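Contents: one structure, followed by commentary.
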Number of protein chains: 2
Amino acid sequence: MQMDERKQKILKAIVQDYIATAEPVGSRTISKKFELGVSPATIRNEMADLEELGFIEQPHTSAGRVPSDLGYRYYVENLMDPFDLDEERKRMINQELAKRLDEIQEVIEYTGKLVSQITNLTSLVLKPQTRECTLKKLYFLPYEDGKAIMVTVKDNGMVENSIVDIGTDTTPEELQILANIYNEKLSGSKASDLKKGLLNELYRELARKRRIIDGMLTILERMFDQKSGDNTERVYLDGTLNMLNQPEFKDINKVKTLFSIFEENRKLQELLAPKDKGEGLNITIGSENPDLAFKDCSIISATYNINGKQIGTIGVLGPTRMDYRKAISIVDYMTKSLTDMLTNRYRNQKT
Amino acid sequence: MQMDERKQKILKAIVQDYIATAEPVGSRTISKKFELGVSPATIRNEMADLEELGFIEQPHTSAGRVPSDLGYRYYVENLMDPFDLDEERKRMINQELAKRLDEIQEVIEYTGKLVSQITNLTSLVLKPQTRECTLKKLYFLPYEDGKAIMVTVKDNGMVENSIVDIGTDTTPEELQILANIYNEKLSGSKASDLKKGLLNELYRELARKRRIIDGMLTILERMFDQKSGDNTERVYLDGTLNMLNQPEFKDINKVKTLFSIFEENRKLQELLAPKDKGEGLNITIGSENPDLAFKDCSIISATYNINGKQIGTIGVLGPTRMDYRKAISIVDYMTKSLTDMLTNRYRNQKT
DNA sequence: GATTAGCACTCACCTGGATAGAGTGCTAAC
DNA sequence: GTTAGCACTCTATCCAGGTGAGTGCTAATC
C-alpha cells in the first residue's frame, strides 16, 4: 500500500485538527471541516489504511484517530506548509535582541525567553560551552591573604572571575609572572589542553622557580576542576509553566516526571547536544527521544554560531501534539538571527 | 468559653494527626490514637467548642475536623513541643556548609538546598542585598578597543565583573587613575552613595581632567544602573517540586498559580523581606499571608547575619499542613549556623 | 455536673446499571 | 471506487442505592 495524494491530505487534516483541538479526530469531522469532497465512509476506509501504515492510531475502538509519532514525522517532512514569521514580529525580535547584545549571556537567555513566549512552549537554550572555548587572557588581582581573584577572558568574549587559593607565601609578583607567561605563550589554548601546555611551558621557562610553579599548578588545577563543575548551569530553560497549560499534562504525575528532568541539567544537555549532522534544524518526535520521560514530547532545536563556530543550541520542547510549523519557523529564525548578531558583534574577536 | 487543658490536648492531637495524614480527623480517631482517657462523645463535645472558638473547622458535615489557620497559630505558639535536630544531622549540615564557605553565593544557595532536602518542602533564600553592600575595591582590566573589564569587590567578599564602555579615547592609565582614586578615597562607600561621592571627589581631585572624568561618570552610572537590575535574581528557590508531592497540590491549577508566583521574584522578596520585628523567626500561616495565592501555604523564615548585620533571609514554604516543628527547628538552626560561619569566615572584612 | 452510650441523621464516596453519543467497520447499493 | 445504511463497540455521564465515617442530640450513668 502506498501513500497517494488523498491519503496525504487526510493525514494532514488529522494532524492539523489534532494539533488544534487535542481531541481524537473522526471521519465526520474531517469531511466537514476540510473540503476533500468525499464522504466520511471513504475517509474511514483511507483512515484504516493510514492506520495500517502506522501513521495514525486509535486510543480505543470507538474513538477517532490520533497521529502516531511516525505520522507526525511524515507530516513534518512531507506535508507541512512552510510558515514565515511576519515582518512585524521579526522586527520586534531583532530589536529586542539588539538591545541586549552587549552581554552575551543575557542576549542568549533572552532569546530563550522570546522563544517560549512566542510559542507558548518551553524553550531550552544550551549556552556557550566553556570547555570548548579557548582562554584568551588571564589576570590576577589581589583579594585577601592567601587568596587572589583570577579573571579569565574567553575567546568568545566572556569574562569570568573566581577566587583561587594561593597560599600565604605567594607574592603578587609571582602571580604576575604566571599571568604573563600565560598571556604571552599560551593565549588561545583550549581550556582542556591548558594544564598540560602550561605545565611544560612553565617548567621550561622557569625551571629555577620550581617551588613557585608547583604552587601555581595546584592553583590552576583546582581552578579547572572547579570550572568543569560549571557545566551544571549550561542549559537555560524558560516557559516551563507553559507545559501546565497543555491538556496532556493535566495529570500531576506527568508534570512531576517532566519537571524532575528539567532539573537534571545533564540530561537536558544530552538532549540538546548537536547531533552528528550538526547543521540546520533537528526535530525529535516522541519516542524517537532517548529518554522515556519525553516519549510524549517533541523537541525542535538548532545551533547558533559565532564566526561560523557552533557555540550553542536553541530548542523548544512541547507535547508531540505541538504546532510544528510555528515552532520550527521560530527556532529557525531565532538561531539565524542570533548567529548574525553575535557574529557581527564579536567579529573582531576571531581567534 | 475558655481553652482548658483538655481542649488544648485535643487541638494538639487534631493538628498533629492532620499534619501526619492530611485527612480530616474524627473524634474516634483521637480517642483511639491519643490516650486522653475519654470517649469519642466527650471529644465531640470539646470539638464543637473548639470549632466555635475558631480553631478547627469541618470541610462538610459528615467529615472530621481540620485545623483552621487560627488553630495552627495556636498550636505553634502554645502547644508545639520543642524539637532539636539530632547531633548527627547538625554535624552533617555544618560539614557541608563549611566545605563551601569560600564562595559566599554558593554556601547560601547550598543552605537552601539542604533546607528543602531535609524538610521536603520548598526553600526560599533571600541572598545578600547588593545595594546594601559597600564597594571595597575597584579594578580595571583591558578588554578590547573602547571597552574595559571592571572588577568590583564588595565588603561581603563578593566579586563581580562587568564590561564597561570607555570610548576609544580613554587610556589604560586614565582608568588606573580612576581606580586608584576610588580605592584610596572611597573604598567602603555604599553603592547607592557612590555616584555622588565619586563625583565630588573626582571633580575636586582632578578638576583639570574634566573630560576624562565626565566619561568615567557615565561608565559608573551605567554600571550602577545595570547592577540595580540585579534585584531580579535575589531570591533563590529550591525543592519547588516537593510541592507536587503534597496532596493539597494534586490539582494542577493550584500548582499553576503557585509556580507562577515562584517566577515573580519581586513577590517572593516581599514575602521574605525582614518584618519590623526583624529578629528571630517569622511564621506566617495561611491567610495571614498578604498574597491570596499563598492562602493554603505557610512560611517560616529567619534572617542570617554577617558581623551582626542582617544580610539575608532563609525561609521554607509548605502547605499550612506542614510539619511546623521540623521546619522551624531547621530554619532556626540553619540561620544560626550560617550566621556563625559567615561571621567567622568574613570577620576580617568588617567595614 | 461532667461523661458516656446509643441512635438517628448527614454527606461524601463507591458501585453498578442504564443511557447517550461518538465513531467505527462492514455490506450492499450506486 | 464511492457512499449510504446499519449494527456494533466503547467511553463518558448520569442516576440510584448502598456503605461508612462522622456528627449532634438525648438520656442514662458516674
Side-chain angles (χ1 to χ4, degrees), chain A residues 1-11 13-15 17-18 20-68 71 247-248 250-251, chain B residues 1-11 13-15 17-18 20-68 71 247-248 250-251:
Chain A
M1 196 186 331
Q2 277 298 339
M3 284 296 273
D4 53 27
E5 194 179 343
R6 196 169 62 188
K7 280 194 181 53
Q8 291 191 328
K9 273 191 186 158
I10 292 175
L11 177 55
I14 293 174
V15 173
D17 196 69
Y18 187 62
T21 66
E23 296 291 331
V25 17
S27 53
R28 211 179 121 75
T29 315
I30 293 187
S31 88
K32 256 197 310 185
K33 275 204 210 170
F34 303 80
E35 302 184 352
L36 301 182
V38 289
S39 77
T42 312
I43 292 178
R44 278 203 288 282
N45 286 328
E46 296 286 39
M47 279 161 85
D49 290 351
L50 284 170
E51 185 161 2
E52 208 172 319
L53 287 166
F55 292 132
I56 56 181
E57 42 200 33
Q58 257 180 313
H60 54 84
T61 332
S62 72
R65 302 304 213 288
V66 161
S68 66
E248 25 274 278
K250 65 184 185 315
D251 175 21
Chain B
M1 198 185 329
Q2 277 298 339
M3 285 297 272
D4 54 27
E5 193 180 342
R6 194 169 65 189
K7 281 194 180 55
Q8 291 191 328
K9 273 191 185 159
I10 291 175
L11 177 55
I14 293 175
V15 173
D17 196 70
Y18 187 62
T21 65
E23 295 291 331
V25 17
S27 54
R28 210 179 121 76
T29 317
I30 293 187
S31 88
K32 256 198 310 185
K33 274 204 212 172
F34 302 81
E35 302 183 351
L36 300 182
V38 288
S39 76
T42 312
I43 293 177
R44 278 204 288 282
N45 286 328
E46 297 286 40
M47 279 162 86
D49 290 351
L50 284 171
E51 185 160 2
E52 208 174 317
L53 288 167
F55 291 132
I56 56 180
E57 41 201 34
Q58 255 180 316
H60 55 83
T61 331
S62 72
R65 302 304 214 290
V66 160
S68 66
E248 25 273 278
K250 64 184 185 317
D251 175 20

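All of these numbers come straight from a predicted model, not from anything done at the bench. The figures here come from the full heavy-atom set of this structure, side chains too, leaving out hydrogens, waters and symmetry mates. All chains are named by letter (A, B, ...) in the order of the sequence lines, taking the proteins before the strands, and each is independently numbered beginning at 1.
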Any A/Arg65 side-chain N or O less than 4.0 Å from OP1/OP2 of C/dG25: yes

Earlier contact from the 5' end, DNA chain D, for B/Pro24 and A/Glu46: A/Glu46

side-chain contact (heavy atoms from CB on, under 4.5 Å) evaluation trace for B/Asp17 with B/Ile30: CA-CA 8 Å; B/Asp17 196 70; B/Ile30 293 187; over 6 Å; no

Residue B/Thr29, side-chain atoms from C-beta onward, closest of C/dA5, D/dG22, D/dT3: D/dG22

Step-by-step side-chain contact (heavy atoms from CB on, under 4.5 Å) determination, A/Leu50 to A/Arg65: CA-CA 10 Å; A/Leu50 284 170; A/Arg65 302 304 213 288; over 6 Å; no

Selection from C/dA12, C/dT4, C/dA22 that lies nearest to any side-chain heavy atom of B/His60: C/dA12

Check: B/Arg44 side chain, D/dG24 base, donor-acceptor under 3.5 Å: yes

Five-pair end axes of the helix from C/dG1-D/dC30 to C/dC30-D/dG1, angle between them (10°): 20°

Proximity to the side chain of B/Ala41 - top-ranked nucleotide from D/dT11, D/dG24, C/dA5: C/dA5

d(CG, A/Leu50; P, C/dG23) in whole Å: 17 Å

B/Lys33 NZ to D/dG22 C1', straight-line distance once rounded to whole Å: 15 Å

Nearest-neighbour nucleotide for the A/Ser39 side chain, D/dT3, C/dT24, C/dT4 considered: D/dT3

Pair of N/O donor and acceptor under 3.5 Å linking D/dC10 base with A/Thr61 side chain: no

Straight-line distance of B/Arg44 CZ to B/Ile10 CD1, nearest 0.5 Å: 11.5 Å

Pair A/Val38-A/Glu46, side-chain contact (heavy atoms from CB on, under 4.5 Å): steps then yes or no: CA-CA 11 Å; A/Val38 289; A/Glu46 296 286 39; over 6 Å; no

A/Glu23 side chain near A/Thr29 side chain, heavy-atom distance below 4.5 Å: no

Spacing between B/Ile43 atom CD1 and D/dG24 atom C1', to the nearest angstrom: 15 Å

Evaluation steps, side-chain contact (heavy atoms from CB on, under 4.5 Å), between A/Met3 and A/Leu11: CA-CA 10 Å; A/Met3 284 296 273; A/Leu11 177 55; 3.9 Å; yes

Euclidean distance, atom CD of residue B/Glu51 to atom C1' of D/dT23 [Å, nearest integer]: 10 Å

Gap between atoms CG and C1', on B/Asp4 and C/dA2 respectively (whole Å): 12 Å

Interatomic distance where CG belongs to B/Asp17 and P belongs to D/dG22 [whole Å]: 10 Å

Under 4.0 angstrom between A/Ser62 side-chain N/O and C/dG21 OP1 or OP2: no

Atom-pair distance (CD on A/Gln58; C1' on C/dG23), nearest Å: 8 Å

Nearest-Å distance for atom pair CZ/C1', residues A/Arg28 and C/dG25: 17 Å

Contact check, side chains of B/Thr42 and B/Arg6, non-hydrogen atoms, under 4.5 Å: yes

